[in-house]
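Order of listing sets the numbers, starting from 1, for every ligand and every atom in it. Computed from a predicted structure; not experimentally measured.
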Amino acid sequence: LNEQIIKKIKELKIQKNAVILAHNYQIAEVQDIADITGDSLGLSKQAAETSADVIVFCGVKFMAETAKILSPAKTVLLPEPNAGCPMADMITAQQLREFKAHHPGAIVVCYVNTTAEVKAESDYCCTSSNAVEVVRRLPEDKNIIFVPDKNLGQHVAQQTGRDLILWPGYCSTHTFITAEDVDAARNEHPDAELIAHPECTPEVRAKVDQLLSTGGMLKYAKKSHSKEFVVVTEKGIIHTLRKENPDKNFYAVSPRAICPNMKKINLEKILWALQRDQYRIELPTEIMKKAKTALDRMLEVLP
Ligand code: 13P
Ligand code: SF4
């Protein structure tokens, strides 16, 4: 059955001049059928550059919205309309406006894990792979508001020495990973390198060897001399890590490190998306224009 679905997806993709983008946390079959897999920054760049007419975005809603903002003339489809990001929903545009009013003159940096409306209220956007670089370039004499991820924000503050004004948001999936999980994995795999995402809690971040975006992990695993890695982020990325490094071993830090929203898309939903043009991302023009300014500033900064 899967073979038939894959065949139909491939035919429709050509017919519609569509491209399939998938985040590194998607299920294995979805990553395998995608034309491009990547982290949030990599996928944003691809969305901005592709010559396809249709982008099928296999990820969560803020990612598909980002693709639409960067390519407003294209049809952007999210195969599962309820694939959201709880962290992105932890701050609304109205809450950000009120926060800004309490800190007049501050520059606002938003993580890409935000709604389009929140991006429209921000000066700069960033992802986990360029957040440190984005903040490093900001003028020394300005206060900086960083929303919504307090964990990534703390990491950026540590790396840059800047005193960031943080919003108390967090990723529920990464907070499932505990310091005890990390200790147990270290004991079980004493020769492994521990690679973690900066969305992890400070207790976890303090115990690992490398803090990287998902794209950064894929690059790092290839170039590192280590033969074993404990993966301290959402488990989905292990599929691609294994595929790209057949001679190395990868272990999940915890069986609970699963983002339920990232698992909502499957091959059937991709096929329906292409057959029925669903679910189209549409955003108000004014919001897209403002959000694009913050995203364009981010895309100028390399990871
Ligand atoms: P990156 O893939 O950009 O590291 O982001 C991780 C994430 O949580 C996406 O929701
Ligand atoms: Fe959001 Fe966390 Fe899931 Fe990423 S892993 S989509 S930040 S809930």
Side-chain angles (χ1 to χ4, degrees), residues 21-27 30-31 34 36-47 57-67 70 78-91 109-115 118-119 125-134 146-153 155-156 167-177 195-201 204-205 208 210-221 231-241 252-254 256-265 295 298-299 301-303:
L21 305 187
H23 187 266
N24 293 321
Y25 294 160
Q26 290 290 298
I27 63 168
V30 169
Q31 292 199 44
I36 297 151
T37 57
D39 66 5
S40 309
L41 183 63
L43 295 175
S44 302
K45 284 190 172 153
Q46 296 293 338
F57 208 112
C58 303
V60 290
K61 195 167 186 186
F62 75 80
M63 296 182 172
E65 284 185 350
T66 300
L70 294 171
L78 179 64
E80 166 52 61
N82 294 315
C85 168
M87 186 211 284
D89 294 331
M90 285 180 190
I91 187 164
V109 179
C110 73
Y111 192 21
V112 71
N113 299 37
T114 40
T115 61
V118 166
K119 288 185 181 74
C125 192
C126 71
T127 74
S128 52
S129 56
N130 64 6
V132 169
E133 240 358 271
V134 167
F146 188 95
V147 298
D149 187 5
K150 63 176 178 185
N151 290 310
L152 177 64
H155 167 67
V156 173
W167 185 260
Y170 59 90
C171 164
S172 29
T173 297
H174 283 88
T175 46
F176 280 147
I177 303 170
I195 51 177
H197 198 278
E199 285 176 18
C200 290
T201 64
V204 167
R205 290 200 313 274
V208 299
Q210 301 288 337
L211 286 162
L212 298 159
S213 70
T214 62
M217 288 183 193
L218 289 164
K219 273 191 214 137
Y220 185 77
V231 180
V232 189
T233 189
E234 214 277 348
K235 283 169 61 180
I237 192 175
I238 293 180
H239 173 68
T240 308
L241 282 166
V253 69
S254 157
R256 293 182 313 272
I258 295 173
C259 172
N261 284 285
M262 284 283 184
K263 307 303 182 202
K264 286 182 179 168
I265 295 174
L295 281 164
M298 166 186 91
L299 291 173
V301 181
L302 292 169

key: ligand 1 versus Glu234: contacting region, heavy-atom distance under 4.0 Å   = neither

query = With no hydrogens and no angle check, do the side chains of His174 and Thr233 hold a donor and an acceptor under 3.5 Å apart?
reply = yes

note = Nearest heavy-atom approach of Asp149 to Asn151 is OD1-N, 3.0 Å

message = Looking only at distances, can you tell me whether any N or O atom of Ser213, backbone or side chain, sits closer than 3.5 Å to an N or O atom of ligand 1?
response = no

key: Pairwise distance SG(Cys110) to CG(Leu295) - rounded to 0.5 angstrom   = 7.0 Å

remark   = Closest to atom 2 (O) of ligand 1 by heavy-atom distance, out of Leu212, Thr214, Leu218, is Thr214

query = So which heavy atom in the protein is nearest atom 3 (O) of ligand 1, and how far is it from that ligand atom?
reply = Ser40 OG, 2.9 Å

inquiry  = Does the residue Met217 have a heavy-atom contact with ligand 1, meaning some pair of atoms that are separated by less than 4.0 Å?
reply    = no

key: Under 2.8 Å from atom 3 (Fe) of ligand 2 - protein N/O/S, by chain and number   = Cys259 SG

request  = Answer yes or no: does an N/O atom from His174 fall short of 3.5 Å to an N/O atom of ligand 1?
outcome  = no

Separation of Asn24 CG from Ser40 OG (nearest 0.5 Å) = 8.5 Å

query = For His197 and ligand 1, does the shortest N/O to N/O distance drop below 3.5 Å?
reply = yes

note = Atoms of ligand 2 under 4.0 Å from any heavy atom of Glu199, numbered from 1 in the order shown, are 2 (Fe), 7 (S)

Distance (rounded to the nearest 0.5 Å) between Cys85 SG and Met90 CE = 8.0 Å

request  = Nearest 0.5 Å please: distance from the CE atom of Met298 over to the OG atom of Ser44.
outcome  = 4.0 Å

note = In this structure, atom 8 (O) of ligand 1 is nearest to the protein heavy atom Glu199 OE2, 3.0 Å

note = When distances are taken from atom 9 (C) of ligand 1, the protein heavy atom at minimum range is Met63 CE, 3.5 Å

query = Rounded to the nearest 0.5 Å, what separation is found between the CG atom of Leu152 and the SG atom of Cys171?
reply = 11.0 Å

ask   = Any idea which part of Asn113 is under 4.0 Å from ligand 1, heavy-atom wise: side chain, backbone, both or neither?
value = side chain

key: atom 7 (S) of ligand 2 - nearest protein heavy atom and its distance   = Asn113 ND2, 3.1 Å

